[in-house]
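Some notes on the structure that comes next.
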2 protein chains.
Amino acid sequence: MNSTSEGLTTTLKQAGLRLTPQRIAICRLLGESHTHPTADSIYLEVHTQYPSLSRMTVYNTLRALVDLGAVNALGSAGDDAIHYDGNTDPHINVACISCHRIEDVPARQVVDLNALVARETGFKLLGARVLYYGFCPACQKSTH
Amino acid sequence: MNSTSEGLTTTLKQAGLRLTPQRIAICRLLGESHTHPTADSIYLEVHTQYPSLSRMTVYNTLRALVDLGAVNALGSAGDDAIHYDGNTDPHINVACISCHRIEDVPARQVVDLNALVARETGFKLLGARVLYYGFCPACQKSTH
DNA sequence: TTTTGTGCAAACGTTTTGCAATTAT
DNA sequence: ATAATTGCAAAACGTTTGCACAAAA
């Protein structure tokens, strides 16, 4: 699962990493929001609670979570920033390259291809990036 | 389909864009290699044939092809460079975040979720990014 | 001929590095 | 106590911009 705030902090602790207030706040944001945030959006939001927070700590924590497979790195959504997904359950994302938002697709047809991919390729998998991109309904009306 | 060199150049022409030798060479590389190249690797390779080629033209052409949906932007593979895929048929990619290579997964189970995603979300889709990342067999032995 | 594309150089923004002060364990 | 983490500043990197020249249509 790993999609909750507690799951993320537990993962960090079990990996021998220290639980600082900054990391806990970052994990809470990742676990409780479904906004697929970027490093900068996390920084801006957590910064209001912890004014001393630096961007470097956000990058540091995100890298740790991605390296542990607890968070997926979805990549850019038209902006040039990496969007992260605290929900590592198999699912599809859609990104609007105009307003740079990413949503989950309410579709049950998605199966867990993790085992299949690992078996076929011999890779030791860490995460997935299943994302379709285009223009959301709102942006189709305005810009296009 | 759009996975051949001719398909890509035809797409550019039909969109009203001019067919310069540089663009043709870039399309040939994208269509005929299965290496999921980055802007820079395309530049380095095509540059040997067209020494006057600039990176800007590569970025320019890639952006046009992505905007036309003829090429998929897969995102980073552990390096911080965007990898592109000239093959837009539904398939799975695996990226090694250690050696930064991306391969296709020989799996037939992948269905075309494009229509499903478009119907469920109302998005006008342009491309897809279906990629699993981790460590390839070779890199598991060496670094890990 | 006219509009589009090219290539250079400089700018941009995101992310990474090195190091002293701080803090979780 | 002690080793890891933080935060600052500065740099690095891939990518984007503005403009004069060249080339496709």
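Within every chain, numbering begins at 1; the chains are lettered A, B, ... in the order of the sequence lines, protein sequences first and strands thereafter.
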(message) Whole angstroms only, please: what is the CD1-C1' distance between A:I82 and D:dC13?
(response) 12 Å
(request) Kindly say if A:R63 contacts the phosphate of C:dT16, meaning a side-chain N or O under 4.0 Å from OP1 or OP2. (result) yes
(message) I need the minimum non-hydrogen distance between A:Y132 and B:L113, along with the two atoms involved.
(response) OH-CB, 3.3 Å
(message) If you compare every side-chain N and O of B:T38 against the phosphate oxygens of D:dG14 (OP1, OP2), does one of them come in below 4.0 Å?
(response) no
(request) Could you tell me whether the phosphate oxygens of C:dT6, OP1 or OP2, come under 4.0 Å of any side-chain nitrogen or oxygen in B:N60? (result) yes
(message) From CG of A:D79 over to P of D:dT15, roughly how many Å is that when rounded to an integer?
(response) 14 Å
(request) For C:dT6, take OP1 and OP2 only and decide whether either is under 4.0 Å from a side-chain N or O of B:R23. (result) yes
(request) Return the value, rounded to whole Å, for the distance between atom CG of B:L53 and atom P of C:dG5. (result) 15 Å
(request) Write down the distance between NE2 (A:H100) and C1' (C:dT14), rounded to a whole number of angstrom. (result) 14 Å
(message) With a cut-off of less than 4.0 Å, is there a side-chain N or O of A:Y59 near OP1 or OP2 of C:dT16?
(response) no
(request) Return yes if a side-chain donor-acceptor contact under 3.5 Å exists between A:H36 and A:D104, otherwise no. (result) yes
(request) Look at the side-chain N and O atoms of A:S52 and state whether any lies under 4.0 Å from the OP1 or OP2 oxygen of D:dG7. (result) yes
(message) If the cut-off is 4.0 Å, is A:Q22 near the phosphate of D:dG7, judged by side-chain N/O to OP1 or OP2?
(response) yes
(message) Counting the atoms with a prime plus P, OP1 and OP2 as sugar-phosphate, which does B:P51 contact under 4.0 Å by heavy atoms, base, sugar-phosphate, or nothing?
(response) nothing
(request) Select from B:A39 and A:T57 the residue whose nearest nucleotide in DNA chain D is closer to the 5' end of that strand. (result) A:T57
(request) Find the distance B:L17:CG to C:dT4:P and express it as a whole number of Å. (result) 10 Å
(message) How long is the straight-line distance from CD1 of A:I26 back to CG of A:L29, given to the nearest 0.5 Å?
(response) 8.5 Å
(message) Quiz question: going by heavy-atom distance under 3.5 Å, is there a donor-acceptor pair between the base of C:dT4 and the side chain of B:R18?
(response) yes
(message) I want to check one thing: is the phosphate of C:dT6, taken as OP1 and OP2, less than 4.0 Å away from some side-chain N or O of B:S54?
(response) no
(message) When you compare the side chains of B:H91 and B:D85, does any donor N or O come within less than 3.5 Å of an acceptor on the partner?
(response) yes
(request) Measure the distance from CG on B:D80 to C1' on C:dG13 and round it to the nearest whole Å. (result) 13 Å
(message) Using side-chain heavy atoms (C-beta onward) and a distance below 4.5 Å, is B:N72 in contact with B:N93?
(response) no
(message) In whole Å, I'd like the distance from the CZ atom of A:R55 to the C1' atom of D:dA11.
(response) 16 Å
(message) What is the distance, to the nearest angstrom, from the CE atom on A:M56 to the P atom on C:dA20?
(response) 15 Å
(message) Looking at A:T20, I'd like to know whether one of its side-chain N or O atoms comes within less than 4.0 Å of OP1 or OP2 on D:dT6.
(response) yes
